[in-house]
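Quick notes on the structure that follows.
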Amino acid sequence: MDNIESLLEELTNADGPSGFEGPVRSIMQREFSPLCSHMETDGMGSLMARLGEDDGPPRIMMAAHMDEVGLMVKFVTAEGYVRFQPLGGWLDQALINQRWVILTRNGPVQGVSGIKTPHVMTTEARNQVFKRDQMFIDVGADSLEDAEERLGIRPGDPITPDSRFTILSGGSLYMAKAWDDRIGLAVMVEVMRRLKNLPPPNTLYAVSTTQEEVGLRGAHTSSYRVEPDIGINLEAGVAGDYPGISQEESQERVGKGPAIFLHDTSMMPNLKLRDLFIDVAKEKEIPIQFDVLNGYGEDGAEIQRSRGGAPTINIAVPTRYLHSHYGVISRQDFDHTLELIVAVIQRLDAATVHDLKSFD
Ligand code: CO
C-alpha cells in the first residue's frame with residue numbers, strides 16, 4: 001500500500017456525517033500542518049489552509065467537503081430500537097439491512113438496520129420497497145433506559161455507515177464509503193504537497209468544508225472568509241458505466257479521467273475557466289471527460305456566488321454507487337485529477353485571472 005492508498009483508506013474509514021466532521025478535520029489538520037503556513041477554522045468548522053504567505057490576489061480557493069451522508073438519532077423506542085433522521089440524500093433501499101455506527105459521547109455503538117424476515121411475508125409484501133420511516137437500528141439494547149444509560153445514546157447523535165476501505169481484485173479500483181467527498185480532500189492534500197516546493201503565481205487556499213450534504217452550508221461561510229478570485233471545487237463524480245444507468249443520465253466512466261461538470265442543479269461553470277482546463281489537459285496529455293447532470297448540488301455553487309461572485313468550476317473523480325455504504329473509484333482517475341489541478345493552478349497568475357474575471 002503506498003502513501004496515497006493509506007491516505008484514501010484513512011479518510012474514507014473516518015466518521016464524519018454532516019455536522020460531525022471533527023475526525024476528518026483532524027486528519028486534514030495533520031496532513032496540512034507541514035505543508036501550509038496558515039490554518040484556521042471558521043464559525044461552522046470549515047478548515048481554511050493557505051499555502052505560503054498571503055501574497056494578495058489572485059486568491060485561488062480549492063474546496064472539498066468533509067461531511068458524508070449519514071443519519072442522526074431521532075429517538076429511541078421503549079423497546080430500545082433507534083429511530084433515525086437521514087442526513088443527506090439517501091435512497092430508502094440503500095438504508096435497509098446495513099451496518100451502522102452511532103457516535104455517542106461514550107464512544108461508538110454498532111448496530112444494524114434490521115429487515116423483516118421473508119419467512120413471514122406474503123408475496124405482495126416481498127415485492128414492496130421498505131420506506132425509511134418504517135426503519136430502525138438494532139443496537140442490542142433491551143429498553144430505552146438501557147440504550148440511554150448503558151450505551152450513552154442521545155437524540156441528535158450522528159450515525160455513520162459502517163464500511164471499510166477495500167482494494168478490489170488487488171488492482172487499481174478502490175471500494176469504500178464516503179468517496180463523496182473524501183476523494184476531493186485527498187486531491188487537495190496531494191496538490192498542496194506538490195506545490196509546496198513549486199510555489200504557484202497566486203495565493204492558494206485549500207478549504208475543507210462542513211455540512212455540504214445538508215445544503216452547502218460550510219462553503220457559504222468559508223468562501224466569504226477566503227474571498228476567492230477563482231473557485232475550484234473538487235468532488236466525487238457520477239460514473240454512468242454500470243448496468244442500469246444510461247449516458248443520458250450521466251456521461252462519466254471510471255478510468256477515463258477527471259470530469260468537468262458543465263451542468264448540475266446548483267451551478268454551471270465559467271466557460272473561460274472550462275477552456276483553460278481543456279487547454280491544459282491537452283497540453284499535458286491528461287484525459288478528461290464532461291458531465292451534464294439533471295440533479296446533484298455541490299459547494300462550487302456557494303463559491304461562485306460568494307460576495308461579488310467568482311469564476312468557478314467543479315472537477316470530479318468518477319465514482320460508482322454514490323450515497324451508499326460502498327462506492328468505487330479508480331486510482332488512475334485520482335492521479336490524473338491531481339496532475340490536472342496542479343498544472344492549472346500553476347497557470348493562474350494575475351493576468352490570466354484578470355482575463356477570466358473580465359466580461360467585456
Ligand atoms: Co459531495
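Numbering of residues begins at 1 and proceeds along the displayed sequence. Order of appearance sets the numbers: ligands from 1, and atoms from 1 within every ligand.
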**Message:** Report whether any nitrogen, oxygen or sulfur of E212 sits less than 2.8 Å from the Co ion (ligand 1) (N, O or S, backbone or side chain).
**Reply:** no
**Message:** So, of the N/O/S atoms that D180 has, which is the nearest one to the Co ion (ligand 1)?
**Reply:** OD1
**Asked** Do D291 and S250 have side-chain N/O donor and acceptor atoms under 3.5 Å apart?
**Response** yes
**Asked** Is it true that the NZ or CZ of R59 lies under 6.0 Å from the centre of Y205's six-membered ring and within 45 degrees of the ring axis?
**Response** no
**Prompt:** Hey, is the Co ion (ligand 1) within less than 2.8 Å of some N/O/S atom on E235?
**Reply:** yes
**Asked** Hey, which of D67, D299, D181 is the one that makes side chain to side chain donor-acceptor pair (under 3.5 Å) with T209?
**Response** D299
**Prompt:** Can you tell me if CD on Q128 sees more than 12 non-hydrogen neighbours from other groups inside 6.0 Å?
**Reply:** yes
